[in-house]
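Indexing begins at 1, ligand by ligand and atom by atom, following the structure's order. By convention here, the first residue in the shown sequence is residue 1. Hydrogens, waters and symmetry mates play no part in the numbers below; they use all other heavy atoms, side chains included.
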Amino acid sequence: MQLQTPYYLIDKSKLLQNMEKIARLRELSGARALLALKCFATWSVFDLMREYMDGTTSSSLNEVRLGHERFGKETHAYSVAYADYEIDEVVSHADKIIFNTIGQLQRFEKQSSGIIRGLRLNPGVSSSSFDLADPARPFSRLGEWDMAKVEPVMDMISGFMIHNNCENGDFDLFDRMLTAIEEKFGPLLKKANWVSLGGGIHFTGDNYPLTKFAERLKRFSGEFGVQVYLEPGEASITRSTTLEVTVLDKLYNGKDLVVVDSSIEAHMLDLLIYRENAKVHPNQGPHRYMVCGKSCLAGDIFGEFDFPNELNVGDRISIQDTAGYTMVKKNWFNGVKMPAIAIRELDGSIRTVREFSYADYEQSLS
Ligand SMILES: Cc1ncc(COP(=O)(O)O)c(C=O)c1O
């Protein structure tokens, strides 16, 4: 029997392909890989991911707790800003804490003295093509820029986090930016024991030169005497998941449109934020449709795609590549039915691990 849509379907055998590349990179480079929970935190597949990755990194108290309790291994805590009322609990779940500013480091010096501490640096260059997601944008609050200010607090920290790659599948660009980091922060890096180079590097992509990447990381590690960490989010889970939806209605308004039982605003919010199209495979055939979400937002549109056959009410569509920044961002706008989460196990069997009901909607409000 087919599961009722909408649901996210995580395919473990596809996830495994990314995991094997991560494991290979770790082996070749000596770098450690931490899953960025902000991108993907569906803990039902952590049993598989744990075998191939070193732990997790986080952006809040909730994430660091989830990483500690559900993934285990190394747990990095980072947040743009911690509140007084949460810092003790954050520290209790982490084995490293990375502060975003010197101000936060000094404020929480006492509470964090029992674990390894680091600071986020901002090199002022990034690979982002979106102002919205560019950590090095003008007046950015993400990390410290000024070496002269960092020098005096070096006795409080043993490492750094530098996240400036965004959706970067270009090794040469990564290489150039790392060289810029070496030139800008070299003297500080020499004093560090570890450096996390953040996420945003698409090294699990098909044509990415994994060996060259590993060599570059190894050289960086050797030159500065640091343990390198990476924080792959998207690279860990890319192409592992689909969002399965059903056509609810058809209409023609100058174009052929179909309305499906999901919503980009509620279930794939980043498409809306970054004004991108969803992906449908193979996106070929003589029948072109604009696939629309069912929320009331006029621009709730997955995109226009080509299909081999005419679409009819009841037909199913698989939206591709829907693991990253989807399940962690989904919301109850319009009260649209929340997609269930299902897993295709390595033996091909499919099991639903979570369904959401009216009670979940009601309890998200009061
Ligand atoms: C500090 C940090 N680490 C890791 C990531 C994960 O990035 P990605 O999912 O692009 O690999 C992000 C994304 O914003 C980030 O800000």
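Atoms of ligand 1 found under 4.0 Å from any heavy atom of G200 (numbered from 1 in listed order, with element): 7 (O), 8 (P), 10 (O), 11 (O). Near E234, with a cut-off below 4.0 Å to any heavy atom, the atoms of ligand 1 are 8 (P), 9 (O), 11 (O).
In terms of polar-atom proximity, G233 is counted as a contact of ligand 1, with an N or O under 3.5 Å from an N or O of the ligand.
Residues Y289 and N309 share a closest heavy-atom pair of CE1-O, 4.3 Å. A pairwise comparison of heavy atoms in E63 and L37 identifies O-CD1, 3.2 Å as the closest pair.
Side-chain atoms of D170 come within 3.5 Å of backbone atoms of L173 as a donor-acceptor pair (strictly under, hydrogens ignored). In this structure, T204 contributes its side chain and A235 its backbone to a donor-acceptor pair below 3.5 Å.
A heavy-atom distance below 4.5 Å is found between the side chains of I181 and I162.
Y361 has its ring centre no less than 6.0 Å from the ring centre of F356.
Protein heavy atom nearest atom 12 (C) of ligand 1, with residue, atom name and distance: H163 CE1, 3.3 Å. Looking from atom 16 (O) of ligand 1 to the surrounding protein, the closest heavy atom is K38 NZ, 2.8 Å. Nearest protein heavy-atom contact of atom 3 (N) of ligand 1 is E231 OE1, 2.6 Å. Scanning all protein heavy atoms for the shortest distance to atom 9 (O) of ligand 1 gives Y325 OH, 2.6 Å.
Residue contacts with ligand 1 include M161, since one or more of its heavy atoms lies under 4.0 Å from the ligand.
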